[in-house]
Amino acid sequence: NKKIVASLAATVAMFGSVSANALTETGNFDILANVISSCYLETQNIDFGSVQVTNPTDTVANSSVKVVCSKGVGYNVTLSGGLTTDPTARQMALSTNPDERLNYSILINDGATEFNWGTEDGQKLVQSGAQNETGENTFNIKAVIPGSQFVTPGSYSDTLTATINY
């Protein structure tokens, strides 16, 4: 028994002295990221629902577009003319006869003025880069179908493309 205790004591002493004399090394490493300028655009469909265009009163539908950009990034957002390619003379086409057209317009409010949203200077939504704390800006859209149009009843549609340049 004395031999076992002595052997055990020697083993504990040996391991104890190893941990007491252990060496350590440290190393540093860098964490890197290159943040590039970026923006994204969130749009929503506009649905006028059932419309009586023979009525002289305009039909209005409201929506919005959300733009989020990196801090300090300026941008402009353009909107295509759709079927007509002319943002000042937009038309939706009847699903059963694409030659039958329904006039409409898209107006956007940049916070200062409301204007026909298109692709030319004076029609672009422009921001200098002074976004709010989150980089997010939401702009109100007003879609208008003028009253007193003489068209065939049915489903009309158009597809527009919003483009952000930054």
Side-chain angles (χ1 to χ4, degrees), residues 27-166:
N28 297 326
F29 58 95
D30 296 328
I31 309 298
L32 306 170
N34 181 29
V35 177
I36 60 171
S37 296
S38 63
C39 292
Y40 82 86
L41 176 62
E42 187 176 298
T43 59
Q44 301 173 14
N45 291 337
I46 298 173
D47 186 349
F48 286 98
S50 297
V51 179
Q52 294 179 346
V53 295
T54 54
N55 185 329
T57 305
D58 294 348
T59 302
V60 177
N62 294 302
S63 186
S64 63
V65 60
K66 181 167 69 172
V67 179
V68 181
C69 288
S70 302
K71 188 175 186 176
V73 173
Y75 60 87
N76 72 62
V77 183
T78 61
L79 188 65
S80 71
L83 290 172
T84 65
T85 68
D86 181 356
T88 63
R90 289 190 171 99
Q91 294 180 327
M92 291 182 265
L94 180 62
S95 60
T96 57
N97 179 3
D99 292 332
E100 186 82 30
R101 301 291 176 97
L102 178 64
N103 298 323
Y104 75 101
S105 61
I106 301 288
L107 305 171
I108 192 158
N109 190 322
D110 65 2
T113 58
E114 183 176 82
F115 56 92
N116 189 42
W117 191 13
T119 56
E120 302 299 319
D121 289 339
Q123 299 174 341
K124 297 176 184 177
L125 175 61
V126 178
Q127 284 293 105
S128 65
Q131 299 95 354
N132 61 25
E133 303 81 42
T134 63
E136 178 180 309
N137 287 307
T138 301
F139 302 95
N140 296 322
I141 297 171
K142 181 167 78 175
V144 180
I145 296 176
S148 300
Q149 295 189 58
F150 186 67
V151 296
T152 303
S155 295
Y156 288 78
S157 66
D158 193 11
T159 300
L160 303 178
T161 301
T163 304
I164 187 165
N165 302 290
Y166 58 96

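The basis for the numbers below is simple: all heavy atoms, side chains too, and nothing from hydrogens, waters or symmetry mates. As the structure is a computational prediction, the values presented were derived from the model and not from experiment. Residue numbers count from 1 along this sequence.
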Quiz prompt | Heavy-atom closest pair, residues A93 and P98 | solution = CB-O, 3.6 Å
Quiz item: Going from OG on S63 to CG on N45, what distance comes out if it is rounded to the nearest 0.5 angstrom?
Solution: 8.5 Å
Practice problem: Heavy atoms only: give me the nearest C39-V73 pair and the separation to one decimal. | Solution: SG-CG1, 3.9 Å
Self-check item: Distance (rounded to the nearest 0.5 Å) between D86 CG and S80 OG
Solution: 11.5 Å
Quiz item: Is atom CG of N62 surrounded by more than 12 heavy atoms (other residues, nucleotides or ligands) closer than 6.0 Å?
Solution: yes
Quiz item: To the nearest 0.5 Å, how far apart are CG in L160 and OG1 in T78?
Solution: 11.0 Å
Quiz item: Below 4.5 Å, heavy atoms only, C-beta onward: do Y156 and Q91 meet side chain to side chain?
Solution: no
Quiz item: Does some side-chain heavy atom of L107 sit less than 4.5 Å from a side-chain heavy atom of N116?
Solution: yes
Quiz item: Can K142 and N109 be said to form a side-chain contact (heavy atoms from CB on, under 4.5 Å), step by step?
Solution: CA-CA 8 Å; K142 181 167 78 175; N109 190 322; over 6 Å; no
Quiz item: So how far is it from I141 CD1 to L79 CG, rounded to the nearest 0.5 Å?
Solution: 7.5 Å
Practice problem: Locate the shortest heavy-atom distance separating F139 from I108; write the atom from each residue and the value. | Solution: CB-CD1, 4.0 Å
Exercise. Would you indicate whether the side-chain heavy atoms of L94 and V151 approach each other to under 4.5 Å?
Key: no
Quiz item: Can a donor-acceptor pair be found between the side chains of T57 and N55 at a distance below 3.5 Å?
Solution: yes
Quiz item: Which pair of non-hydrogen atoms, one from Q44 and one from S64, has the smallest distance, and what is that distance?
Solution: NE2-OG, 3.8 Å
Self-check item: Nearest-0.5 Å distance, CG of residue L83 to CG of residue L102
Solution: 11.0 Å
Quiz item: Would a distance-only check, ignoring hydrogens and angles, find a side-chain to backbone donor-acceptor pair under 3.5 Å from W117 to V77?
Solution: yes
Quiz item: Can you find a pair of side-chain heavy atoms, one from L41 and one from V65, that are under 4.5 Å apart?
Solution: yes
Exercise. Locate the shortest heavy-atom distance separating Y104 from I145; write the atom from each residue and the value.
Key: CB-CG1, 4.1 Å
Quiz item: Counting only N and O atoms by type, is there a donor-acceptor contact under 3.5 Å from the side chain of Q123 to the main-chain atoms of P87?
Solution: no
Self-check item: Side chain to side chain, T84 and R101, heavy atoms closer than 4.5 Å
Solution: yes
Exercise. Identify the two heavy atoms, one from C69 and one from Y75, that lie closest to each other, and give their separation to 0.1 Å.
Key: SG-CD2, 3.4 Å
Quiz item: Hey, what do you get for CG (N140) to CD (E114), rounding to the nearest 0.5 Å?
Solution: 9.0 Å
